[in-house]
A.B. asks: 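Quick one: the structure is below, questions incoming.
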Number of protein chains: 2
Amino acid sequence: MQITIDTEDHIPLFAQLVSQVKKAVLDGKLSSGDALPSIRQLANDLDLNNKTVAKAYSLLERDEVVQTKGYRGTYIHPEAKVNSAIDLNEWALAKLSDVTRALREAGVTDSEIRIAFTKTMTNHTHREN
Amino acid sequence: MQITIDTEDHIPLFAQLVSQVKKAVLDGKLSSGDALPSIRQLANDLDLNNKTVAKAYSLLERDEVVQTKGYRGTYIHPEAKVNSAIDLNEWALAKLSDVTRALREAGVTDSEIRIAFTKTMTNHTHREN
DNA sequence: ATATGTACCCCTAGATCAAAGGGTACATAT
DNA sequence: ATATGTACCCTTTGATCTAGGGGTACATAT
């Protein structure tokens with residue numbers, strides 16, 4: 001498969017990787033069971049840092065577009081085609097948009113909304129990347 | 001009425017003002033129709049900036065704890081006692097907490113939640129303080 | 001030995017924001 | 001003239017976040 005990264009682009013590198021893999025799946029250029037290059041391999045080829053590629057891969061795994069088989073490498077997920085069409089982030093955006101609109105209509109200040117938001121994010125026993 | 005401000009406290013000055021006025025209303029020390037000191041007057045007494053006091057007053061007005069009558073000054077709102085018990089910010093906190101919990105359970109990253117949040121806040125044609 | 005994904009630690013460079021203050025100006029009414 | 005709330009302008013301080021990188025280590029299996 002072909003992956004091109006534009007370092008000049010304003011879109012984060014890991015995000016470019018993620019969407020390119022998803023696009024390749026939707027276009028049929030990658031299908032269930034296909035092997036992806038290893039993290040270190042791809043990082044080397046594209047002249048990216050390991051962690052940038054690792055981040056993209058872990059996001060793809062969470063979206064079930066990719067399956068990691070430990071030391072055996074990373075492969076396209078059986079349900080990849082379906083899952084590539086689902087955009088978790090857009091759903092999150094919609095959900096948050098609903099709430100903030102309701103809060104604003106109730107007279108809550110933007111500033112207050114932000115403060116309440118960061119409070120929920122810091123209190124809520126955080127881990128994650 | 002008595003208002004004491006603790007500059008050393010981690011709680012914002014305007015927030016201290018707001019909660020002290022609400023508390024005074026709940027305790028019956030201030031009741032409907034009572035006049036509050038003017039913004040400039042109170043700022044001078046407490047050695048605060050005008051804008052800090054003005055911010056507190058405008059929040060109190062939004063919460064309908066206080067009523068501003070233009071050049072005639074600021075007075076306690078008829079419904080002040082009821083409205084002093086309502087905490088808009090806690091409600092906002094609860095609402096946001098619900099959504100972020102749902103998003104997290106769906107596998108959305110904290111980072112992604114934050115990004116989606118700021119997107120809703122910036123896109124949504126903002127004004128406000 | 002070597003390669004796999006993964007999990008930590010630290011760091012930098014930007015951006016954005018809250019809180020508070022400083023200043024100036026305005027219409028309104030006394 | 002004076003006082004009222006209000007609406008702008010701009011600034012500083014400190015905090016927090018993203019994206020990205022650097023490094024090191026680990027268990028697993030070939």
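Reminder, nothing fancy here: chain letters follow the sequence lines and each chain counts from 1.
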A.B. asks: Map Ile11(B) and Ser38(A) onto DNA chain C by nearest heavy atom, then report which one ends up closer to the 5' terminus.
C.D. replies: Ser38(A)
A.B. asks: Please check this pair: side chain of Glu64(B) against backbone of Glu79(B), looking for a donor-acceptor N/O pair closer than 3.5 Å.
C.D. replies: no
A.B. asks: In dot-bracket notation, what is the pairing pattern of DNA chain D, taking Watson-Crick (N1-N3 plus N6-O4 or O6-N4) and G-U wobble (N1-O2 and O6-N3) contacts under 3.5 Å, with [ ] crossing and | for other strands?
C.D. replies: |||||||||||||||||.||||||||||||
A.B. asks: Could you list the residues that satisfy ring pair (Phe, Tyr, Trp, His ring centres under 6.0 Å) with Tyr57(B), not counting sequence neighbours?
C.D. replies: none
A.B. asks: Residues in side-chain hydrogen bond (donor to acceptor under 3.5 Å, both in side chains) with Lys51(A), at least two apart?
C.D. replies: none
A.B. asks: Give the first and the last nucleotide of DNA chain C, reading 5' to 3', that has any atom under 4.0 Å from a heavy atom of chain A.
C.D. replies: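 Footprint of chain A along DNA chain C, 5' to 3': dT4(C) to dA19(C).
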A.B. asks: Run the side-chain hydrogen bond (donor to acceptor under 3.5 Å, both in side chains) test against Asp6(A) and tell me which residues pass, sequence neighbours left out.
C.D. replies: none
A.B. asks: Give the rounded distance in Å between these two atoms: CG of Asp110(B) and C1' of dT16(D).
C.D. replies: 14 Å
A.B. asks: Listed by chain and number, what are the side-chain hydrogen bond (donor to acceptor under 3.5 Å, both in side chains) partners of Asp87(B), not counting sequence neighbours?
C.D. replies: none
A.B. asks: Leu59(B) and side chain to side chain contact (heavy atoms under 4.5 Å, CB included): which single residue from Val18(B), Leu17(B), Asn89(B) fits?
C.D. replies: Val18(B)
A.B. asks: Let's see if you get this right: which residues in residues 39-49 of chain A place a heavy atom under 4.0 Å from DNA chain C?
C.D. replies: Ile39(A), Arg40(A)
A.B. asks: Suppose the criterion is side-chain hydrogen bond (donor to acceptor under 3.5 Å, both in side chains): which pairs have a residue in residues 31-50 of chain B, not counting sequence neighbours?
C.D. replies: Gln41(B)-Asp45(B)
A.B. asks: Can you sort out which residues in residues 60-71 of chain A have a heavy atom within less than 4.0 Å of DNA chain C? Ascending by number, please.
C.D. replies: Glu61(A), Thr68(A), Gly70(A), Tyr71(A)
A.B. asks: Pairs in or reaching into residues 65-77 of chain A: which pass side-chain hydrogen bond (donor to acceptor under 3.5 Å, both in side chains), with residues at least two apart or in two chains?
C.D. replies: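 Qualifying pairs: none.
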A.B. asks: Mind checking Thr118(A) for me? I need base, sugar-phosphate or nothing, with any heavy atom below 4.0 Å counting as a touch.
C.D. replies: nothing
A.B. asks: When you measure from the side chain of Asp63(B) to the backbone N and O of Val65(B), does any donor-acceptor pair fall under 3.5 Å?
C.D. replies: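 No, Asp63(B) side chain to Val65(B) backbone: no donor-acceptor pair under 3.5 Å.
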A.B. asks: To the nearest Å, how far apart are Ile115(B) CD1 and dT16(D) C1'?
C.D. replies: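 One finds 14 Å between C1' of dT16(D) and CD1 of Ile115(B), rounded.
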A.B. asks: Taking all non-hydrogen atoms of both residues into account, name the closest pair between Ile86(B) and Lys22(B) and its distance.
C.D. replies: O-NZ, 3.9 Å
A.B. asks: To the nearest 0.5 Å, how far apart are CD1 in Ile5(A) and CD in Gln16(A)?
C.D. replies: 5.0 Å
A.B. asks: Under the rule for side-chain hydrogen bond (donor to acceptor under 3.5 Å, both in side chains), what residues qualify as partners of Asn83(B), not counting sequence neighbours?
C.D. replies: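 For Asn83(B) there are no side-chain hydrogen bond (donor to acceptor under 3.5 Å, both in side chains) partners, ignoring immediate neighbours.
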A.B. asks: Ignoring hydrogens and angles, are the base of dG22(D) and the side chain of Lys51(A) linked by a donor-acceptor pair under 3.5 Å?
C.D. replies: yes
A.B. asks: Can you name the residues that form a salt bridge (charged side-chain N to carboxylate O under 4.0 Å, His left out) with Lys95(A), not counting sequence neighbours?
C.D. replies: none
